[in-house]
Amino acid sequence: MARAPLRTDRLIGSVISHFFLMLGAGFILLPFVWMLLTSIRPASEVFTAGFNPIPSSFAAGTNYSEALTKSPLLQYMWNGVLVCAGILAVQLLVAIPGGYALAKLSFRAQPVVFGLVLFGLTVPVQVTALPIYIALANLNLLNTYFAIMLPFFLSVFGIFLFRQFFKSFPQEIIHAARLDGFTEAEIILRIITPSAVPAIAAFAVFSITSHWNDLYWPLIVTTSADHATPPLGMMIFRDQETGSNYGALMAGAAIITAPLILVFLFAQRQFVRGITMTGVK
Amino acid sequence: MSHLELTGLSKSFGTTRVLNDVSLSVRDGEFLTLVGASGCGKSTILRVIAGLEPQDSGSVQIGGRSVDHLRPKQRNVAMVFQSYALYPHMSVAENMSMPLVMQRLNLAERLPLIGRLSPNRRRVMTGIAAEVDTVARQLQIEALLTRKPAQLSGGQRQRVALGRSMVRHPDVFLMDEPLSNLDAKLRVHMRAELTDLHRRLGVTFIYVTHDQVEAMTMSDRVALMDEGRIVQLGTPSDLYHNPSDLRVARFIGSPQINIVSGTTTGQGIRVGEALLPITVSCPAGQVVSVGLRPEALSLDPVAGRPHVAARLTRVENLGAEVFLHFALQESGAPLVLRATLQDYERHKTRLEAAVALGVECARALVFDGAGHRVDHASRAAQRVAVPA
Amino acid sequence: MTVALNTARVSPGRNAQMRAEALAGYAFATPALILIIVLLIAPIVVVFLLSLTDYQLGALDWSWVGLTNYSDMLGDRVFLRSLGNTFIYVAIVVPGSVILGLVVAILVQERTKSKAIYQTIFFLPVTTTLIAMSVVWHFLLNPALGPVTSLARALGFSDFDVFGDPDLVLVGLAVIGIWQLVGFNMILFLAGLTAIPRDLYDAADIDGADGAWDRFARVTWPMLGPTTLFVVVTTTITAFRVFDTVAVITRGNPQGRSDVLLYTLYKVGFQDFNMGPASAMTIAFLVFVLVVALAQAFIIDKRTHY
Amino acid sequence: MSGLSFHDVSKRFGQATVVDRFTLNVAEGEFVALVGPSGCGKTTSLRMLAGLEEASAGRVMVGARDVTDLPARERNLAMVFQSYALYPHLTAAENIGFALSLQGLGKATIKDRVQRAADRLGIGHLLGRRPKELSGGQRQRVAVARCIVREPAAFLFDEPLSNLDAKLRGTARIEIARLQKSLGITTLYVTHDQVEAMTMADRVVLMEAGRIRQIGTPMDLYHHPVDLFAATFLGSPAMNLLPGEVRHADGEIRFLSAGLDLRLAGTVRCAPGQVTLGLRPEALERLPPGPNRIAISGIVEHVEHLGAETLVQFAVQGAPGTVMTARVPGGWAVRAREPVALSAAQTALHLFDATGAAVPLHFTGPAQASADRLVPA
């Protein structure tokens, strides 16, 4: 909608803004590009490459197969999938009915429960780590999938999110359902849940990304590679390979970051919404 | 029989009294409208009748039987919501069959997957589908059955919502501002369609609206509500011609009734310089409000008949009729006069200056200081002439 | 459910629908409530109690020590140093990522065709596993092998070792922190920007505020107030919890200049199993986070009039 | 203050032409309403004049000044937006004085002018509040005050009443019209509501699909619509329409439609062919048919009592499927399923040819007695 005399101004403005945006984009992309370049570089060249971006010979095959064979990368990823799926399933089972109860049903303890949820929103997981760790240690449950998942079965954020989402769900539809003869459980199952698909998708993205990428808790409760999640595996892998094989290391890094990046590229909209639903967590 | 009886309903939200001892008797097959400004408690009454909200005290009877202890689904009432409240993820057919599914299948049969194992289920579902088809045909929405609510226009959604309430053959239809989400043209059309539907079904309708035109045009009787009470219950024409209260007079009718304040004297009511020969039962020297409908004023004052002096401030010409806005000469109080185009054209030149407006005292409505109607002699005679 | 004292006043209607609702409410809220108690409330109480003991994992004996852990903590050089480092880190990351995020959001917002591409690129780091990318950054900034250093060398700068230099290490970590947060903040600001009604800019145009700066200062910036507050608070809390990069890249080195709160807490609690002091630190950490959260709630209450 | 004009202004978005060669002159002090269904280009035209949208072709002028290439702020126009576009972070006073503060006026001057404008609209006591703390009607007045405080060359309104409820709309309508007359300021007013256009404007511009269909005084448009679109857009209830055919037979001109045979008495000049007959609801009256009147009867389907008047919908006898609405005085007791006999003066008839264009009717017969249209006593 440029006005005629302003056209040149706009052009200059757009050139300047592109310049800064590209500079920023370069900064953002630098590690990704270098990760990919190094992951296809022969080992001999890694140490001499300097700033030379183009590998002289192509060693992707060696590096990637090494990354997959020298460490149980696939095992880590499988662990990651299991852990994330387990966490998400329990979170949804708890949070959807809980959110509905807080949003649409009136019972005496409701304000107290909601108050606890709000309080929980401000408490980072690191605060509860010590006692939960001690309990798990005393129950001999360290180094299990259960231990990795346990603290996250409760997602106060999930309960809060679904409560907010259901709060804006028209009360009239629920009234109509009650008149039609739905029980409250059926309202959740047949009315509320189908309508909450976008919220569920967004929450799933949020939950999966944060637990796929989490390092702190797995680092505490697992010491073996058997149950290590991808970030922990990455750490173990790096400690084994200290300084010696950057090509394979970068290939490993590429492999464990790839799933989420691919999902992100394919389903950007849902992904962004899922992650930005909260800044706190 | 499904006559409906409300006795002494009261309800408060916190410290706000939304219903204040409301009693109402609705005849079987009647179209009764609850009308009032937002927050007057009219929608709450509907939800109490449906059992969606509990009353604090009082009782609801349908067909002579108290339903206070019944859950909403057991009361056999259907409700059409302002937002239509269609299930967004279900097709039109599914939406319409839902009340019947819930009535006729037990909990196990309703379960997803497992429910399909029941042999009874298929039989019941076929029966329901046939009934839904019948209703859909009546409402001319049979072509929409496979669509989702999001793919429908406002008017179509409205019909689906009606259909959903019709399939269960309820004793009472409760309608909560069902037309307020439609555009003006469609609203006028649906008004006629709804009254037509009421006539065909012959079932009790309780209709809630804030729009006095809907109340006037559709109902057998209208209950005008204010602050949780019924102010007046009567036929539309009763409310228009014989309002019992200033609030009713103001609410019903568009353009709004003109209210001028006057003082009672032995000879009549003095409004500014003018003396209107209206004798009321209250003592002289009292301040009263005189209500004059825009058609009770005229541009041709007959000599000897009462008139008031006013000056024209604005003309609103709607083509078919003209609203003339005046300011009363002494007090500046606004008056609206409704004239035909011909009358207006005829008097156009005269209107430039201050004019005398004829007042048809027989149609004047007098209200005392508390806003209650006060009857007057000239009025009583007129009453007979008012069409029912 | 209480038995109504005055049965005449309470109609049976209340009981039918309301009781069903209340019953369902309790049923649905119970799992959540149990988890809240077991995984949130009880642990916080336990952590607080632990902070008053000398409990060590695996030890049979323990005793109450009162506030000793707290007084020790306030005298502990390592703790104070990590607290200081954390604040420095926050002080770099928050302004850096918030301002850059805002600038990028405004620039991106005005692009038409390339908007989606830029948005994707800037958001990319948010989706990635920080550990893996920390390894890459470590390599990028490696004084011997890293391309950045060799580029600097080629441009005539002297050698530098970001993660080996006590004065640079926090800056280096902060750069990674900013790198990861800019895109996230950009998205939040973009959401704030799109929520500004176009009409306001039209009105500003007619009113005479049509220069880029006027539009920003008179419309955009005031309208972004609540968003900015939210972004600052979230970024502060996220930055406060810095752990991954430290654990992978520096492990507190060199000379403890990159010890941060959570890393120290991790070492004391989960490597040395000194549960008492670790619990005291946890409580300190919780207090900081709660202060920020309360400040936010307070400011929102005071300031957001629209 | 000055007039406004559009000269062959067009607006294209890609392939779509939203406004097509729009030409209009608004005289100094005149109130012109742009009316039409949504998407007809009325708002785009207004925005091009305001400088918020660039014209693809043509010139816009404020007074004698060509402003086509000027930025919005240099056009000296004030606008009230549909959403009011009040700055939520500023108080009512700051909102009203915003443009003045940009002009660099002194604090005292601004305060004084803001107060005067606010008092004029009866919101003087609300100046310290923020938009969020104001009701819809109050916001709308703040938006108007923001315009008058600038003493602009002209006012532009973009559906300013559409966010108000029906009652408030009625009073706001009168208020704006009065204010405009007392300030004597040139005004261009966009609305989709024909009642607003009819009651407020000196002249109405009816638009459809980016083009002007008719320009004229409200009464011109109401009584002499140029085509079917104009005829049905204005007036509520809408004009009754009856498709049929005009035939010349036996020296008479007749309108035929299914079982209906209306004799158009007098000498009407009208070519034979397919036509649509139009009749406003108020033209149908309870008078016996006579010379120069045509009779229409039917069975009542639905009655709406509005108090002062009654709307009667009836199925027209002889024209199956056609339902007409008659608007009659409130005193008439009429019930559904009863027969009605009505008539209409010939002068109240409208005819439209197959393309929808109005056919001019000239009644050259005996003088049309005004008694024809007298309201029954």
Side-chain angles (χ1 to χ4, degrees), chain A residues 17 20-21 24-25 28-32 34-35 46-47 50-51 94 97-98 100-101 105-107 110 113 116 120 122-124 126-128 130-132 134 137 151 153-154 159 184 209 213 215-216 220 230-231 234-235 238 246 249-250 253 256-257 260-261 264 268 271-272 275-276 279-280, chain C residues 21-22 24-26 28-29 31-33 35-36 39-40 43-44 46-47 50 57 104 107 110 118 120-133 135-137 139-140 145 147 150-151 154 179 187-188 234 237 241 243-244 247-248 262 269-270 275 278-279 282 285-286 289-290 293:
Chain A
S17 91
F20 282 110
L21 284 174
I28 297 292
L29 287 178
L30 177 63
F32 292 102
W34 212 259
M35 174 175 77
V46 169
F47 299 94
F51 197 71
V94 173
Y100 176 69
L105 299 174
S106 61
F107 56 102
Q110 192 190 52
V113 179
L116 289 175
T122 61
V123 180
Q126 288 87 351
V127 170
T128 53
L130 272 171
I132 296 178
I134 294 170
F153 283 156
L154 169 69
I159 299 171
E184 296 301 321
T209 352
N213 290 337
L215 174 70
Y216 192 81
I220 291 171
M234 190 71 213
M235 236 177 131
R238 201 198 59 155
Y246 271 99
L249 193 60
M250 291 299 132
I256 74 156
T257 49
L260 289 184
I261 292 190
F264 167 61
Q268 280 199 40
F271 207 95
V272 167
I275 293 189
T276 49
V280 187
Chain C
E21 260 185 57
Y26 281 109
F28 297 149
L33 193 60
L35 287 182
I36 287 176
L39 293 175
L40 183 71
I44 291 175
V46 172
V47 140
L50 278 175
L57 193 67
V104 171
L107 293 180
E110 283 170 3
Y118 282 123
T120 309
I121 291 175
F122 280 95
F123 198 75
L124 214 46
V126 187
T127 68
T128 54
T129 314
L130 188 55
I131 304 310
M133 296 322 283
V135 172
V136 179
W137 273 108
F139 174 58
L140 274 173
L145 315 169
S150 51
L151 180 69
W179 172 82
I187 290 287
L188 294 180
T234 38
I237 291 178
R241 302 194 307 164
F243 175 80
D244 295 13
V248 172
L262 276 187
F270 299 103
M275 292 307 177
S279 297
T282 304
F285 172 66
L286 177 61
V289 174
L290 287 182

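Heavy-atom basis, side chains included; hydrogens, waters and symmetry copies ignored. Lettering of chains follows the sequences in order, A, B, ..., and the numbering in each one begins at 1.
Proximity to chain A is limited to the side chain of C/Leu57, based on heavy atoms less than 4.5 angstrom apart. Interface residue A/Phe153: backbone and side-chain heavy atoms are both found under 4.5 Å from chain C. For C/Leu262, the parts lying near chain A are the backbone and the side chain together; criterion is any non-hydrogen pair under 4.5 Å. In this structure, the portion of C/Leu140 lying under 4.5 Å from any heavy atom of chain A is its side chain and not its backbone. Heavy atoms closer than 4.5 Å to chain A are found in both the backbone and the side chain of C/Ala278. With a 4.5 angstrom heavy-atom cutoff, C/Ile36 touches chain A via backbone and side-chain atoms both. Proximity to chain A (any heavy atom under 4.5 Å) is shown, for C/Trp179, by both the backbone and the side chain. For C/Val289, the part sitting under 4.5 Å from any heavy atom of chain A is the side chain, from C-beta outward, and nothing else. Contact of A/Ile132 with chain C is made through the side chain alone, with heavy-atom distances under 4.5 Å. Interface remark: A/Pro231 contributes backbone and side-chain atoms alike to the contact with chain C (heavy atom separation under 4.5 Å). Using a 4.5 Å cut-off between heavy atoms, A/Ile256 contacts chain C through both its backbone and its side chain. Within the 4.5 angstrom heavy-atom criterion, only side-chain atoms of A/Tyr100, from C-beta onward, approach chain C. In this structure, the portions of A/Ser106 lying under 4.5 Å from any heavy atom of chain C include both its backbone and its side chain. Residue C/Tyr26 touches chain A through both its backbone and its side chain, counting heavy-atom pairs closer than 4.5 Å.
Between A/Tyr216 and C/Phe243, the ring planes are perpendicular. Angles over 60° get that label, and only those under 30° would be called parallel.
Between chain C and the residues A/Leu116, A/Val127, A/Val94, the largest count of heavy-atom pairs under 4.5 Å involves A/Val127. When A/Ala137, A/Pro31, A/Pro151, A/Pro97 are compared by the number of non-hydrogen pairs under 4.5 Å with chain C, A/Pro31 comes out ahead. Per-residue counts of heavy-atom pairs under 4.5 Å with chain A were compared for C/Trp137, C/Phe285, C/Phe139; the largest is that of C/Phe139. If you tally non-hydrogen atom pairs under 4.5 Å between each of A/Leu215, A/Thr257, A/Leu29, A/Thr128 and chain C, the highest count goes to A/Leu215. Top candidate by heavy-atom pairs under 4.5 Å with chain A, chosen from C/Thr129, C/Val104, C/Val46, is C/Thr129.
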*Start with the C-alpha distance between A/Gln126 and C/Leu286, add both sets of side-chain angles, then the distance that settles side-chain contact (heavy atoms from CB on, under 4.5 Å), and finish with yes or no.*
CA-CA 9 Å; A/Gln126 288 87 351; C/Leu286 177 61; over 6 Å; no
*Take A/Asn213 and A/Leu260 through the test side-chain contact (heavy atoms from CB on, under 4.5 Å) and record every step on the way to the result.*
CA-CA 10 Å; A/Asn213 290 337; A/Leu260 289 184; 3.8 Å; yes
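Listed here is the closest heavy atom pair of C/Pro43 and A/Pro131: O-CG, 3.2 Å. Scanning both residues, A/Gly98 and A/Ile159, for their nearest heavy atoms gives C-CG2, 4.4 Å.
Atoms OH and CH2, from A/Tyr246 and A/Trp34 in turn, are 13.5 Å apart once rounded to the nearest 0.5 Å. How far CG of C/Leu50 is from CG of A/Leu130: 7.0 Å, rounded to the nearest 0.5 Å. Note that the CZ atom of C/Phe122 and the CG atom of A/Leu21 stand 5.5 Å from one another [nearest 0.5 Å]. Here the CD1-OG1 distance, from C/Ile131 to C/Thr128, works out to 10.5 Å after rounding to the nearest 0.5 Å. In this structure, CG in C/Leu39 is found 11.0 Å from CD1 in C/Ile44, a value given to the nearest 0.5 Å.
The main-chain N or O of A/Leu105 is found under 3.5 Å from a side-chain atom of A/Gln110 such that the two form a donor-acceptor pair.
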